[in-house]
Amino acid sequence: MINIFEVNETNKMIEQENLDVRTITMGISLLDCIDSDLQQVNRKIYDKITTLARNLVKTGDEISGEYGIPVVNKRISVTPIALVGGAACKAPEDFVTLAETLDRAAKEVGVNFIGGYSALVSKGMTKADEMLIRSIPEALAATERVCSSINLGSSKTGINMDAVKLMGEIVLATAQATREQDSLGCAKLVVFCNAPDDNPFMAGAFHGVTEADAIINVGVSGPGVVKTALEKVRGKDFEVLCETIKKTAFKVTRVGQLVAQEASKRLGIPFGIVDLSLAPTPAIGDSVADILHEIGVEYAGAPGTTAALALLNDQVKKGGVMASSYVGGLSGAFIPVSEDQGMIDAVNANALTIEKLEAMTCVCSVGLDMIAIPGDTKASTIAGIIADECAIGMVNQKTTAVRLIPVIGKGVGETVEFGGLLGYAPIMPVNPYSCEAFVNRGGRIPAPIHSFKN
């Protein structure tokens with residue numbers, strides 16, 4: 001049983017080392033909102049979200065105040081909207097009305113993001129899936145809090161290259177639709193291979209169809225805590241290093257477990273999972289890149305970086321799984337560029353490239369995240385980058401993702417400012433050579449042989 005003494009042990013972590021619970025995310029099933037009448041679907045969605053989540057923000061704030069644990073974000077994820085709106089939506093514009101309803105509901109209950117404007121198309125696209133995907137640029141331009149995610153591949157089904165090609169075009173169209181905000185819409189759009197059903201982090205959160213009617217998922221954080229712990233074992237061997245990371249991850253995860261259980265009890269909604277991901281912020285000292293530096297590489301991207309990240313990711317999971325019976329989501333080290341000051345410094349020092357970031361994603365549970373690229377990047381190039389990342393996830397049976405931001409009107413050497421948790425980012429160069437003939441082939445890349453396990 002978790003008690004207040006375990007929480008007291010973390011006081012220093014909270015006060016001095018940026019420990020926080022990054023998000024309490026309420027997952028809500030909207031399957032019972034399906035209707036052939038679009039107006040009725042919108043009404044049902046709004047009513048269900050505002051009823052179930054009406055006390056979510058208040059409860060998170062109360063837990064934070066009582067235990068002294070910062071709970072940074074309160075969020076909602078819903079059933080992929082392509083499934084919910086399929087019977088009623090006859091055009092992409094109809095799906096936009098659902099996005100606007102999600103946005104209104106999110107504002108009403110006070111959450112900062114709502115995820116699930118999503119489609120699952122790893123093997124093929126229904127008409128509803130395609131309409132939702134084509135509606136994304138308008139939907140993200142018309143809303144403030146809606147996040148969109150599309151699952152394009154899996155280890156079991158392969159990679160849907162028709163959808164990959166389409167998403168290259170949609171990312172660019174979303175950048176154009178939000179160009180007045182430095183293409184901010186793309187920061188709320190992520191594509192996946194092997195997307196998890198219970199991810200509490202945005203922009204990729206959605207409520208999987210195998211989940212309960214409602215669920216509480218919690219995402220913890222704590223790069224600053226891990227870095228501070230490692231400062232005390234500088235020069236020690238890898239055994240000491242690994243033990244230190246495991247013990248620290250255990251303590252951090254216990255905090256998340258406590259918050260999840262309290263939120264579940266107070267809201268009367270079952271506890272789902274704790275996500276162990278180390279999620280950085282733009283704050284100094286709250287950086288995954290700084291942990292890699294403390295492990296021994298001069299900058300993220302230097303030789304040895306991928307090995308250091310593999311070690312970090314594995315030890316965080318080993319420590320975390322001992323602290324909670326229900327671990328899920330992504331549970332890996334996030335390596336976004338714009339949200340991590342150490343990553344930004346590495347890019348500015350020419351130590352870190354997109355190609356090196358891609359190599360790093362082979363050993364952590366997320367992908368190319370919050371990377372600003374030139375606004376004149378071709379849609380086919382974006383699709384090629386997405387395909388590469390999906391291939392890493394498919395072959396290695398792990399989750400990978402891409403969240404690229406082609407900033408319209410800006411090029412390499414310039415900087416884009418997003419603000420808040422999204423931070424700022426230097427525009428990174430992309431490989432100038434074409435993959436258009438590859439992307440245009442169409443069809444599906446088959447699943448690897450090891451996927452055949454029946």
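The figures that follow rest on heavy atoms only: side chains count, while hydrogens, waters and symmetry mates do not.
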Are any side-chain N or O atoms of [X] and backbone N or O atoms of [Y], one a donor and one an acceptor, separated by less than 3.5 Å?
X: Lys398; Y: Thr361; result: yes
X: Asn396; Y: Ile392; result: yes
X: Ser118; Y: Ser149; result: yes
X: Glu262; Y: Val259; result: no
X: Asn194; Y: Gly393; result: yes
X: Tyr117; Y: Phe95; result: yes
X: Ser77; Y: Gly115; result: no
X: Thr228; Y: Val225; result: no
X: Ser154; Y: Thr157; result: yes
X: Asp129; Y: Leu132; result: no

[X] bridged to [Y] by N-O distance under 4.0 Å:
X: Asp61; Y: Lys74; answer: yes
X: Lys236; Y: Glu243; answer: no
X: Asp103; Y: Arg145; answer: no

Are [X] and [Y] side-chain neighbours, meaning at least one heavy-atom pair lies under 4.5 Å?
X: Leu172; Y: Lys378; result: no
X: Lys165; Y: Phe438; result: no
X: Asn348; Y: Ile344; result: yes
X: Phe192; Y: Asn199; result: yes
X: Ile269; Y: Ser264; result: no
X: Ile133; Y: Met167; result: yes
X: Leu152; Y: Asn160; result: no
X: Ile114; Y: Val78; result: yes

If you round to the nearest 0.5 Å, how far is [atom2] of [Y] from [atom1] of [X]?
X: Ile335; Y: Ile371; atom1: CD1; atom2: CD1; value: 7.5 Å
X: Asp182; Y: Lys410; atom1: CG; atom2: NZ; value: 4.0 Å
X: Ile405; Y: Met370; atom1: CD1; atom2: CE; value: 3.5 Å
X: Ile170; Y: Gln176; atom1: CD1; atom2: CD; value: 12.5 Å
X: Ser183; Y: Phe418; atom1: OG; atom2: CZ; value: 7.5 Å
X: Lys251; Y: Lys247; atom1: NZ; atom2: NZ; value: 8.0 Å

Checking side chain to side chain contact (heavy atoms under 4.5 Å, CB included) against Pro200, which of Ile24, Val218, Ile273 comes through?
Ile273

Would one find more than 12 heavy atoms of other residues, nucleotides or ligands at under 6.0 Å from atom [atom1] of [X]?
X: Glu239; atom1: CD; result: no
X: Tyr299; atom1: OH; result: no
X: Glu298; atom1: CD; result: no
X: Met428; atom1: CE; result: yes

Yes or no on side-chain contact (heavy atoms from CB on, under 4.5 Å) for Ile382 and Ile373, after CA distance, side-chain angles and deciding distance?
CA-CA 10 Å; Ile382 295 171; Ile373 60 175; 4.2 Å; yes

Ignoring hydrogens, what is the shortest heavy-atom contact between [X] and [Y]? Give both atom names and the distance.
X: Val190; Y: Ala401; answer: CG2-CB, 3.7 Å
X: Arg22; Y: Phe201; answer: CG-CE2, 3.7 Å
X: Val412; Y: Pro374; answer: CG2-CG, 3.8 Å
X: Gly342; Y: Ala289; answer: C-CB, 3.4 Å
X: Thr178; Y: Gly185; answer: OG1-N, 3.0 Å
X: Pro92; Y: Ser135; answer: O-CB, 3.3 Å

side-chain contact (heavy atoms from CB on, under 4.5 Å) between Val316 and Ile245, worked out:
CA-CA 6 Å; Val316 165; Ile245 295 171; 3.9 Å; yes

Begin with the C-alpha distance, continue with both residues' side-chain angles, and end with the deciding distance and a verdict on side-chain contact (heavy atoms from CB on, under 4.5 Å) for Val164 and Ile445.
CA-CA 11 Å; Val164 168; Ile445 294 177; over 6 Å; no

Side chains of [X] and [Y]: donor-acceptor distance under 3.5 Å anywhere?
X: Asn73; Y: Asn112; answer: yes
X: Thr306; Y: Lys356; answer: yes
X: Asp340; Y: Ser287; answer: yes

Can you check side-chain contact (heavy atoms from CB on, under 4.5 Å) on Lys188 and Met202, steps first, answer last?
CA-CA 8 Å; Lys188 298 183 289 179; Met202 297 298 167; over 6 Å; no

